[in-house]
Amino acid sequence: MHKLEVRNLRVAVGGREILKGVSLSVATGEVVVLMGPNGSGKSTLFQTIAGNPRYEVLDGDILLDGESIKELPPEERFARGIFVGFQSPVAVPEVRFAFLLQAMINIRAGKKLTDPNPQVLAQAQRLAAELGLKPEVFNRGVGAGFSGGEFKRAEVLQALLLSPKFTVLDEPDSGLDIDGIAAVGRAVTRLAASGSGILLSTHYARVLKFIKPTRVYVMAEGRVVLEGDENVIRKIEEVGYQSYFNEIRQEL
Ligand code: ADP
Ligand code: MG
Ligand code: MG
């Protein structure tokens, strides 16, 4: 069992404190869902976990199996088994998607870069078919002309190919059609069953059709304000964040 833990994390972007003491954890095999209104800091948390240098850690820590990773560069975090898929992925059109996939596998295995291996490509093709991605994507530049839905599917494909210790996905179900949501939902469930620990953000209860969360955290204004189970997601869908927060405040 592996554990990824965020402990009392305070993070500033452009000199402004965005995360004000976030704590949460995910273990391998778990599906942890992060919710929260727009601007509550979910993407900031994911960028910080990835190691984006624009996100300044003021205090607190990120621990992988008890060891701090907050000083490590992004590629080292990736090599240790943390894969982060972003809300708005970046296109790198000069690198072929097939080459990126092979590079990820090699880096993860601590090997030098090589040309795409036919076995890896064959496996990627099978995953593409499952996810509803056209086989041509592998010959295209990373993100080159990808639709929003293709971007999301391509990120999940990378995770499935890598089987990372931790799969961190920022709104993997946003901008997808119904088939895409189903495909991504099933893929997430399969990743968790194969032993990856999942941390994903979402705005929608519809993912519950395809995933079974172990735990749900809700963020507001840079803090985790609530921890619960899937009923939290249903309740938020039903009444919205503000009513839910008001209700909780009255109960306290
Ligand atoms: P969420 O993903 O929950 O919608 P974000 O983490 O994207 O929230 O944003 C949290 C807050 O941080 C917002 O107020 C947003 O404007 C601010 N923020 C996020 N990224 C940046 C950035 N790169 N520069 C300045 N402010 C940012
Ligand atoms: Mg947002
Ligand atoms: Mg976001």
Side-chain angles (χ1 to χ4, degrees), residues 4-26 31-62 70 73-74 77 82-92 143 146-156 158-159 166-176 180-181 184-185 188 198-207 211 213 215-228 232-233 235-237 239-246 248:
L4 178 64
E5 199 180 349
V6 172
R7 205 179 275 173
N8 197 26
L9 195 65
R10 288 176 48 223
V11 172
V13 188
R16 185 172 139 227
E17 187 172 339
I18 306 290
L19 299 187
K20 298 166 181 163
V22 170
S23 298
L24 55 79
S25 71
V26 51
V31 180
V32 174
V33 173
L34 184 63
M35 295 189 82
N38 295 137
S40 54
K42 304 178 296 297
S43 295
T44 300
L45 174 65
F46 288 1
Q47 291 281 356
T48 309
I49 291 173
N52 185 333
R54 290 178 54 209
Y55 293 73
E56 186 197 353
V57 176
L58 304 173
D59 197 12
D61 214 338
I62 306 169
K70 74 174 175 180
R77 301 181 194 201
I82 302 171
F83 173 85
V84 183
F86 297 106
Q87 187 174 341
S88 315
V90 185
V92 194
F146 281 27
S147 69
E150 283 176 326
F151 257 123
K152 293 290 178 187
R153 286 171 162 94
E155 293 216 304
V156 171
Q158 291 168 49
F166 292 97
T167 307
V168 180
L169 298 170
D170 199 358
E171 298 192 22
D173 57 341
S174 285
L176 281 177
I181 294 164
V184 166
V188 162
I198 315 287
L199 173 62
L200 69 86
S201 68
T202 184
H203 282 301
Y204 307 107
R206 63 193 184 192
V207 293
I211 66 167
R215 197 158 54 254
V216 177
Y217 295 101
V218 183
M219 285 183 68
E221 294 170 23
R223 291 188 173 87
V224 172
V225 293
L226 195 72
E227 184 183 331
V232 170
I233 306 179
K235 186 79 185 175
I236 288 167
E237 173 100 345
V239 304
Y241 286 109
Q242 289 319 319
S243 311
Y244 191 33
F245 291 157
N246 289 339
I248 292 162

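As the structure lists them, so they are numbered: ligands from 1, and atoms in each ligand from 1. For clarity, every value in this text was computed on a predicted model and none was experimentally measured. Both backbone and side-chain heavy atoms feed into the values below; hydrogens, waters and symmetry mates do not.
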As a test of understanding, state which of Val11, Val6, Val84, Ile18 forms a side-chain contact (heavy atoms from CB on, under 4.5 Å) with Thr48.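 Passing option: Val11.
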
Shortest reach to atom 21 (C) of ligand 1 by a heavy atom, considering only Thr44, Val11, Val13: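 It is Val13 that holds the nearest heavy atom.
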
Backbone, side chain, both or neither: what part of [X] comes under 4.0 angstrom of ligand 1, heavy atoms only?
X	result
Pro37	backbone
Arg54	side chain
Arg16	side chain

Answer yes or no: is there a donor N or O on one side and an acceptor on the other, between the side chain of Arg7 and the main chain of Ser25, under 3.5 Å? no

Run the numbers for me: atoms of ligand 1, each under 4.0 Å from some heavy atom of Asn38, listed by number. 4 (O)

A student checking ligand 1 against Ile18 at a 4.0 Å heavy-atom cut-off should list atoms 10 (C), 11 (C), 12 (O), 17 (C)

Does any N, O or S atom of Ser43, backbone or side chain, fall under 2.8 Å from the Mg ion (ligand 3)? yes

N/O/S atom of Gln87 inside 2.8 Å of the Mg ion (ligand 3), strictly under: yes

Does Ser40 have a heavy atom less than 4.0 Å from any atom of ligand 1? yes

Is Gly41 near ligand 1, meaning one of its heavy atoms is under 4.0 Å from it?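 Judged by the 4.0 Å heavy-atom criterion, Gly41 does count as contacting ligand 1.
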
Taking only residues two or more places apart in sequence, or in another chain, which ones meet Tyr244 in a ring-ring contact (aromatic ring centres under 6.0 Å, His included)? none

How would you list, by chain and number, every residue that makes a side chain to side chain contact (heavy atoms under 4.5 Å, CB included) with Ser40, sequence neighbours excluded?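 Pro37, Lys42, Met219.
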
Is there side-chain contact between Ile211 and Val33, with heavy atoms separated by less than 4.5 Å?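 The answer is yes, as the side chains (C-beta and beyond) meet within the 4.5 Å cut-off.
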
Any side-chain donor paired with an acceptor under 3.5 Å for Ser201 and Asp170?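 Their side chains do contain a donor-acceptor pair, which is all the 3.5 Å distance test asks for.
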
Does atom CD of Glu17 have more than 12 heavy-atom neighbours, drawn from other residues, nucleotides or ligands, at distances under 6.0 Å? yes

